[in-house]
Amino acid sequence: MQFIDFDKTNACKKLAEYAAGFTFDFRKKLDAKRVEQNVVPMAANLRYSWAAKAVDEQAVKLLQELADEQELIAKYKTLLNGEMMNTGEKRKVLHQLLRGEQGQPVIEDGKNIGDFYRKELSRFCGFAAAVHDGKYLGSTGKPFTTVVQIGIGGSDLGPRALYLALENIAAAEGKKRLDAKFISNVDPDDASQVIASCQLEQCLFILVSKSGTTQETLANELFVKDKLAKAGLDPSKHMIAVTSETSPLARNPAYLDSFYIDDYIGGRYSSSSAVGGCVLSLAFGPETFREFLAGAAEADKMALEPDVLKNAALLDALIGVWERNFLNYPYTAVLPYSQALSRFPAHLQQMDMESNGKRVNRNGQPILYNTGPVIFGEPGTNGQHSFYQLLHQGTSIIPLQFIGFSESQKGDDVSVDGSISQTKLKANLAAQIIAFAKGQDSEDRNKEFPGGRPSSLICGKQLTPAALGSLLAHFENKVMFQGFIWNVNSFDQEGVQLGKILTKKALAGNSGDSSLDAYSKMLGM
């Protein structure tokens with residue numbers, strides 16, 4: 001198995017030659033037959049439709065050659081089997097193992113890492129059940145009604161997005177046990193606002209920091225502990241930690257309990273671990289979290305299929321490379337037509353851009369081609385009255401990734417003008433796909449839509465825990481495959497480190513950089 005730069009592959013050269021004369025007329029080619037045929041099954045009964053993508057049979061054939069030449073499935077299997085795939089930090093990459101073994105058992109120093117993950121899953125699920133049963137109570141003897149997660153980056157974005165995604169359906173099914181809130185920003189107004197909205201004596205806080213040294217998170221922990229102490233409450237009876245076994249938070253009497261992850265779980269890939277599992281299990285019950293894991297595990301298994309027309313994550317990744325490197329589209333918009341997924345684009349933004357926003361290959365050598373796109377998005381239909389103007393009639397073509405469901409989560413609806421709101425939502429989604437693709441001619445140039453805007457659609461019956469797991473794993477695996485194609489290390493994030501170093505210098509008061517000191521002074525430091 002070889003790791004070679006994307007532009008050194010024969011398939012890349014063939015794709016470049018084909019793209020040079022490529023055209024795609026949506027008005028002629030996008031019809032009912034294409035929509036019906038260009039669909040790939042996903043886990044948890046979701047489907048990936050690529051009918052409205054600017055790609056034809058020959059392009060798909062060449063993309064299959066690229067997948068084969070870059071040995072994408074073999075590299076995925078190598079990752080699953082526990083080989084060192086994070087070249088920057090010399091680490092394994094094991095977030096799929098949190099959902100179940102798809103490869104060989106991963107053993108290190110005689111320790112079965114899969115068993116370790118399963119043990120931690122059992123421990124934090126058991127803790128959640130004990131909280132629900134009233135075996136853990138706050139300082140004043142009252143049961144917990146709210147859980148508050150303190151974390152930043154991957155310790156916030158993913159878990160927050162997943163909580164919001166499942167809140168409605170859990171409530172509708174009578175499975176919601178605790179409210180959940182999140183503190184992430186070191187801005188004190190964030191923590192202050194959250195705490196003001198809670199009954200502190202009935203709050204359980206989850207401190208999430210793998211290293212136990214994350215500056216923003218520890219600052220917020222002290223903020224919370226100060227509020228608890230001033231309210232006459234014992235912080236040690238209101239807080240648990242999610243951390244590594246070697247951090248100062250581990251086995252610390254300042255917490256009710258500590259639950260563990262290791263260095264093989266990157267922050268943006270940690271929602272399947274205790275980082276997401278503790279808050280989701282406490283909020284909705286352990287079984288809901290296990291259903292989520294099952295959907296993700298099924299998606300991980302389906303991603304092993306070598307035929308791109310049967311592997312949704314692989315095909316999505318390849319079409320993304322086609323758009324980024326050969327059609328030269330630098331952005332991608334993620335547009336869920338589901339209010340429950342309101343924060344899902346923000347999570348994907350971190351996961352994708354932190355993973356593949358790289359300018360050197362796995363060996364640290366500069367590369368001469370584009371890598372990860374800029375990711376942004378908002379839920380429909382609000383986006384239609386916001387940035388869709390630019391998407392439809394702006395000077396740049398921006399590929400779109402739509403997500404939609406046949407049924408709402410709560411089933412609470414009303415009929416107006418002959419249709420219920422969920423039907424109106426679906427009609428808007430279908431209409432936007434066609435409007436972007438086919439556009440509109442008009443003698444009035446202000447009303448002319450050029451079309452030619454490509455989109456994909458992930459759809460299913462309802463956003464359930466399993467469907468959410470499928471959706472999350474789909475995008476994780478898509479990003480992984482694209483990283484393999486571009487020959488970058490998708491699993492480190494050195495881009496966040498320089499700012500941290502300069503922050504410490506600014507806080508010290510004499511950084512040695514006059515411009516940094518001047519900006520610090522301007523901000524009142």
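These numbers were taken from a predicted model, which means no experiment stands behind them.
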Stepwise side chain to side chain contact (heavy atoms under 4.5 Å, CB included) test for Leu97 and Tyr264: CA-CA 10 Å; Leu97 185 57; Tyr264 307 138; over 6 Å; no
Sub-4.5 Å side-chain heavy-atom contact between [X] and [Y]:
X      : Y      : answer
Phe284 : Glu167 : yes
Val308 : Leu63  : no
Asn325 : Asp7   : no
Ile458 : Phe475 : yes
Leu293 : Ser272 : yes
Asn185 : Glu216 : no
Asn487 : Phe6   : no
Pro330 : Val374 : no

Using 30° and 60° as the class boundaries, would you call the ring planes of [X] and [Y] parallel, tilted or perpendicular?
X      : Y      : answer
Phe376 : Phe387 : perpendicular
Phe491 : His95  : tilted
Tyr388 : Tyr337 : tilted

Inspect the contact between [Y] and [X] and indicate whether a charged nitrogen and a carboxylate oxygen are less than 4.0 angstrom apart.
X      : Y      : result
Asp513 : Lys505 : no
Asp492 : Lys358 : yes
Lys33  : Glu36  : no

Are Phe326 and Phe22 near enough that their ring centres are under 6.0 Å apart?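 No, ring centres 6.0 Å or more apart.
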Test your reading of the model: is there a side-chain donor-acceptor pair from [X] to the backbone of [Y], 3.5 Å cut-off?
X      : Y      : value
Ser270 : Ser273 : no
Ser455 : Leu400 : no
Glu378 : Pro345 : no
Lys92  : Gly82  : yes
Lys424 : Ser419 : yes
Gln393 : Glu448 : yes
Ser271 : Gly276 : no
Gln422 : Phe405 : yes
Glu407 : Lys461 : no
Arg362 : Asn489 : no

Answer yes or no: are there more than 12 heavy-atom neighbours, outside [X] itself, under 6.0 Å from its atom [atom1]?
X      : atom1 : value
Lys29  : NZ    : yes
Glu57  : CD    : no
Arg34  : CZ    : yes
Lys426 : NZ    : yes
Asn328 : CG    : yes

Given side chain to side chain donor-acceptor pair (under 3.5 Å), test Ser421 with Asp413 step by step and report yes or no. CA-CA 6 Å; Ser421 297; Asp413 213 334; 3.3 Å; yes
Return the OH to CG distance between Tyr48 and Leu457, rounded to the nearest 0.5 Å.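 Tyr48 atom OH to Leu457 atom CG measures 10.0 Å (nearest 0.5 Å).
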Side chain to side chain contact (heavy atoms under 4.5 Å, CB included) for Val208 and Thr217? Distances and angles first, verdict last. CA-CA 7 Å; Val208 184; Thr217 301; 5.8 Å; no
Step by step, work out the side chain to side chain contact (heavy atoms under 4.5 Å, CB included) result for Leu62 and Trp322. CA-CA 10 Å; Leu62 294 174; Trp322 168 250; over 6 Å; no
Could you please spell out the steps behind the side chain to side chain contact (heavy atoms under 4.5 Å, CB included) verdict for Trp50 and Val60? CA-CA 11 Å; Trp50 54 284; Val60 171; 3.9 Å; yes
Stepwise, does the side chain to side chain donor-acceptor pair (under 3.5 Å) test hold for Asp316 with Gln401? CA-CA 10 Å; Asp316 197 1; Gln401 294 204 297; 2.7 Å; yes
Minimum heavy-atom distance between [X] and [Y], given as atom pair plus value:
X      : Y      : result
Leu463 : Gln409 : O-NE2, 2.9 Å
Val488 : Val360 : CG1-O, 3.6 Å
Leu429 : Gly404 : CD2-CA, 3.8 Å
Met42  : Ala312 : CG-CB, 3.5 Å

Using the salt bridge (Lys or Arg N to Asp or Glu O under 4.0 Å) criterion, which residues pair with Arg268? Sequence neighbours excluded.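 Glu354.
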Partners passing side chain to side chain contact (heavy atoms under 4.5 Å, CB included) against Glu291 (at least two apart in sequence or in another chain):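 With neighbours one apart ignored, the set is Lys175, Pro465.
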Let me see the working for Gln339 and Asn382 under side chain to side chain donor-acceptor pair (under 3.5 Å), right down to the final yes or no. CA-CA 10 Å; Gln339 187 60 30; Asn382 205 43; over 6 Å; no
According to side chain to side chain donor-acceptor pair (under 3.5 Å), does anything in residues 61-83 pair up with another residue at least two apart or in another chain? List the pairs.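 As it turns out, the side chain to side chain donor-acceptor pair (under 3.5 Å) pairs with a partner in residues 61-83, which skip direct neighbours, are Lys14-Glu65, Lys61-Glu65, Gln64-Asp68.
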